[in-house]
Amino acid sequence: VKKVYITTPIYYPNAAPHLGSAYTTIIADFLARLYRALGREAFFLTGTDEHGEKLERKAEELGKTSRELVDEMSRLYKDAWVRLGIRFDRFIRTTEKEHEETVRELLKKIHGKGDIYRGTYNGLYCVGCERYYTEAELVDGKCPYHDAPLEEKDIEAYFFKLAGYRDKLLNFYEKNPQFLPEGREKEIINRVGELEDLCISRPKEQLQWGIELPFDAGHVAYVWVDALLNYVSGAGYGTSKFREVWPPDIQLMAKDITWFHCVIWPALLMSAGLELPRRVVAHGFINVDGRKMSKSLGNMVDPLELADRYGPDLVRFLLVTKLPFREDSNLVREQIPEVHKELAGSVGNLANRVLKLLSGVDVGSFKPDTKLKGSCDGLLGKIRKKAGGFDVTGISALYSQEVPELAHTINSYINETEPWKLEGAAKRDAVLNAYEGLLFLMAFLSPVLVNGWEKFRGVVDAPGMGGLKGFGQNSPGLEPSSSKLIMYER
Ligand SMILES: [Zn+2]
């Protein structure tokens with residue numbers, strides 16, 4: 001069986017990781033862990049995009065070599081992800097030899113196919129984005145993402161025959177409607193109608209810090225082409241591993257870079273003769289206190305600062321369960337301590353409450369409560385279905401509503417049955433039903449609350465506690481489907 005292949009964009013390491021990149025990467029990590037919990041093997045790729053003019057200039061400013069700067073910055077990203085409980089399978093750096101070789105090999109293939117030609121380009125270039133803009137894309141004559149004026153440049157360059165892929169792309173979208181990010185289909189399809197060829201190189205006298213073209217050493221690859229191909233090299237192109245992973249199933253990103261991933265990326269893959277990704281998934285931007293985050297507004301939220309203060313589980317819980325996935329979201333800083341209280345109050349207190357009730361009760365067979373059991377099984381079925389369809393928006397909706405609600409359902413069950421007033425078999429049934437519910441809840445939350453789950457596992461896996469696995473094997477109260485929810489055999 002093919003591994004579920006999940007990617008984030010590779011980040012441009014000219015500044016420390018921010019809330020936006022942390023969000024994408026935490027969602028990717030959450031999904032990889034969720035698939036593993038459901039019994040699928042997953043491969044999660046992230047990394048840093050280390051070539052280009054911006055980094056070269058920044059290194060000069062700091063009096064460092066480009067190499068020194070990217071070594072330092074990529075370490076910063078890796079460390080940040082570890083501090084946020086993120087566990088990637090591969091961290092790719094575009095300055096790695098394997099990546100550079102893959103890029104050259106694929107460009108050679110594309111060139112050999114006759115899809116690359118030499119020409120000149122006069123364009124409006126944004127240094128911030130490292131890309132050219134057409135007049136139509138500008139906002140008030142400026143880059144839509146940066147407040148800086150664009151530079152006009154006339155350069156000799158190589159072009160990819162992107163316009164020639166127009167019909168093939170439209171045909172691909174039609175046959176694979178799940179490929180384009182939800183809500184952005186029309187916008188992309190309309191723009192593909194007016195596709196132009198793409199400049200894919202920069203002359204070396206303009207930029208040293210890049211990958212030399214295999215057919216002309218005087219030019220380096222355009223940074224976006226270099227970056228997009230990380231998904232190929234990161235999957236182990238040219239090795240036996242590649243077949244276990246390729247193609248990507250979920251390619252996560254913020255909504256501003258969908259054009260590259262929905263148009264340029266699949267066209268390059270078609271030209272190189274590689275299978276196309278299953279889904280491009282775009283999330284909205286995170287606003288803070290109702291405004292776009294900015295240093296001058298003083299509303300920056302540093303995910304690492306939050307993790308230091310409340311622990312990484314809170315940051316993950318906040319980002320996975322409290323923000324709408326597809327739309328732009330609003331994070332209200334004042335509410336963060338409340339979310340922290342809520343997490344401790346609902347999940348933490350429930351766990352303590354149930355574990356306390358368990359003392360003096362033998363963990364073994366019991367008569368299941370149909371309603372509570374139905375809620376747990378029903379939710380598991382829904383999560384499986386959404387995950388099976390790679391429906392990230394659907395998974396996200398379940399985790400912002402029904403998963404946290406299960407804590408309340410279990411609490412209500414305990415309040416109604418009042419096990420402390422019961423004795424004998426009735427008490428055992430009530431306590432073990434609540435315990436089973438808690439095991440489900442914690443298993444559902446295990447891809448989010450990574451530290452909490454480890455701690456919880458330490459308790460329930462102790463001798464005499466049954467644990468999720470022991471429970472499934474010994475208890476007639478659990479149906480076979482539930483015992484497949486073994487979330488810790490990773
Ligand atoms: Zn820009």
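Ligands are counted one by one from 1 in listed order, and the atoms in each one are counted from 1 as well. Predicted model only: the values in this text are computed from it and were never measured.
For K322, the side-chain hydrogen bond (donor to acceptor under 3.5 Å, both in side chains) test picks out E342, with sequence neighbours left out.
In terms of heavy-atom proximity, E402 sits nearest to K382 at OE1-NZ, 2.8 Å.
Residue D249 forms a side chain to side chain donor-acceptor pair (under 3.5 Å) with just one option from R278, K3, R279, and that option is R278.
For the Zn ion (ligand 1), the count of nearby protein N, O or S atoms, meaning those under 2.8 Å away, is 4.
Ring geometry for Y5 versus F43: interplanar angle of 30 to 60°, hence tilted.
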Identify every side-chain donor-acceptor pair in residues 256-275 under 3.5 Å, counting partners at least two apart or on other chains, and give the distances.
| unit_1 | atom_1 | unit_2 | atom_2 | d |
| --- | --- | --- | --- | --- |
| T258 | OG1 | K255 | O | 3.3 |
| H261 | ND1 | I257 | O | 3.0 |
| H261 | NE2 | Y231 | OH | 2.8 |
| W265 | NE1 | Q251 | OE1 | 2.7 |
| S271 | OG | D115 | OD2 | 2.6 |

For residues 189-197, run the donor-acceptor check on the side chains, cut-off 3.5 Å, and write out each pair with its distance to 0.1 Å, sequence neighbours left out.
| unit_1 | atom_1 | unit_2 | atom_2 | d |
| --- | --- | --- | --- | --- |
| N190 | ND2 | K186 | O | 3.4 |
| R191 | NH2 | E137 | OE2 | 2.8 |
| D197 | OD1 | L162 | N | 3.2 |
| D197 | OD1 | A163 | N | 3.0 |
| D197 | OD2 | Y117 | OH | 2.7 |

